[in-house]
**Q** 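Structure in structure tokens, see below.
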Amino acid sequence: MLILSPSILAADFSILGKQIREVERAGAQYLHIDVMDGNFVPSISFGMPVISSLRKVSDIIFDVHLMIVEPERYIEDFVKCGADIITFHLEATSDPKALIDRIHELGKKAGISIKPKTPMESILPYLDSLDMLLVMTVEPGFGGQPYIPESTERIRQARGYIDERGLLTDIQVDGGITVDNVHVVLEAGANVIVAGSALFRGDIEKNVKGMLETMEASR
Ligand code: DX5
Ligand code: ZN
């Protein structure tokens, strides 16, 4: 299934609830929520209180991307504040399998994110138990960066692994995705598209609808 997950990192935080209603109304299926700790990545974004507040105003699927060290310390907290999908970084934990199991025990979907320079093979031991693989298409940490062209081959490689094993794992891409390059990542095998600046700058509803139409047309 083709899914759009707008990243609120690029939103106007003073009117976040309103902007989320706009992306929902325009047809986005997920909401991408970037949590940054100033340690795994240089920047700090926001944490549980913001997510809990948003949970009260929206039923959309919360796709939480944890860019934090020792994600195992916080899984319960993120479930409590309303996460539906929890994606942690392969590079941030010593026992990814235990973390996937914990997320599943709590009844949520588990994702692993992999940075642009981490070999794709590193994901193989976990692929069978994962709901979603997030292939980062920029270095995590900031919105508004350009798409790294080498990512296309990495998405293709990930798609190859998943298809070879007959799995249904989603492939999410995150970073520098616009209406002009989304066809490239879809063709390579991604099916869950994250976009921040391409959607939240200007007319949000128009941007989201335009992106959804472009995605449909690139099928
Ligand atoms: C980057 C974040 C992304 C970011 C994408 O570390 O994980 O989700 O918000 O922003 P754009 O689409 O502007 O590259
Ligand atoms: Zn993200």
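Bear in mind that the values here come from a model prediction, so they are computed numbers and not experimental data. Atoms within a ligand are numbered from 1 in the order they appear, just like the ligands themselves.
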**Q** Name of the Asp34 N, O or S atom nearest the Zn ion (ligand 2)?
**A**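 Relative to the Zn ion (ligand 2), the closest nitrogen, oxygen or sulfur of Asp34 carries the name OD1.
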**Q** To the nearest 0.5 Å, tell me how far Leu199 CG sits from Asn207 CG.
**A**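 Here the rounded value is 6.0 Å.
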**Q** With respect to the Zn ion (ligand 2), what is the nearest N, O or S atom of Asp174?
**A**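 It is OD2 of Asp174.
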**Q** Evaluate Leu54 against Ile20 for side-chain contact (heavy atoms from CB on, under 4.5 Å), listing each step before the verdict.
**A** CA-CA 9 Å; Leu54 295 178; Ile20 288 168; 3.4 Å; yes
**Q** If you draw the axis of the six-membered ring of Phe62, does the NZ or CZ of Lys108 fall within 45° of it and under 6.0 Å from the ring centre?
**A**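 No, Lys108 does not lie over the aromatic ring of Phe62.
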**Q** Group every Ile, Leu, Val, Met, Phe, Trp and Tyr by side-chain heavy-atom contacts under 4.5 Å, then state whether Leu4 and Leu31 land in the same group.
**A**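 Linked, Leu4 and Leu31 end up in one cluster.
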**Q** Going by atom types alone, do Thr152 and Tyr147 pair a side-chain donor with an acceptor below 3.5 Å?
**A**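 Present: a donor and an acceptor within the cut-off.
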**Q** Which atom name does His65 have for its N/O/S atom nearest to the Zn ion (ligand 2)?
**A**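 That would be atom ND1.
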**Q** Do Ser5 and Asp63 have side-chain N/O donor and acceptor atoms under 3.5 Å apart?
**A**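 The answer is yes; a qualifying pair exists.
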**Q** Kindly tell me which protein residues have any non-hydrogen atom under 4.0 angstrom away from an atom of ligand 1, grouped by chain and ordered by number?
**A**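 Near ligand 1, by chain and number: Ser7, Leu9, His32, Asp34, Met36, His65, Met67, Met136, Pro140, Gly141, Phe142, Gly143, Gly144, Asp174, Gly175, Gly176, Val194, Ala195, Gly196, Ser197.
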**Q** Is there a side-chain contact (heavy atoms from CB on, under 4.5 Å) between Met132 and Ile85 once you walk through the steps?
**A** CA-CA 9 Å; Met132 186 167 81; Ile85 306 168; 4.0 Å; yes
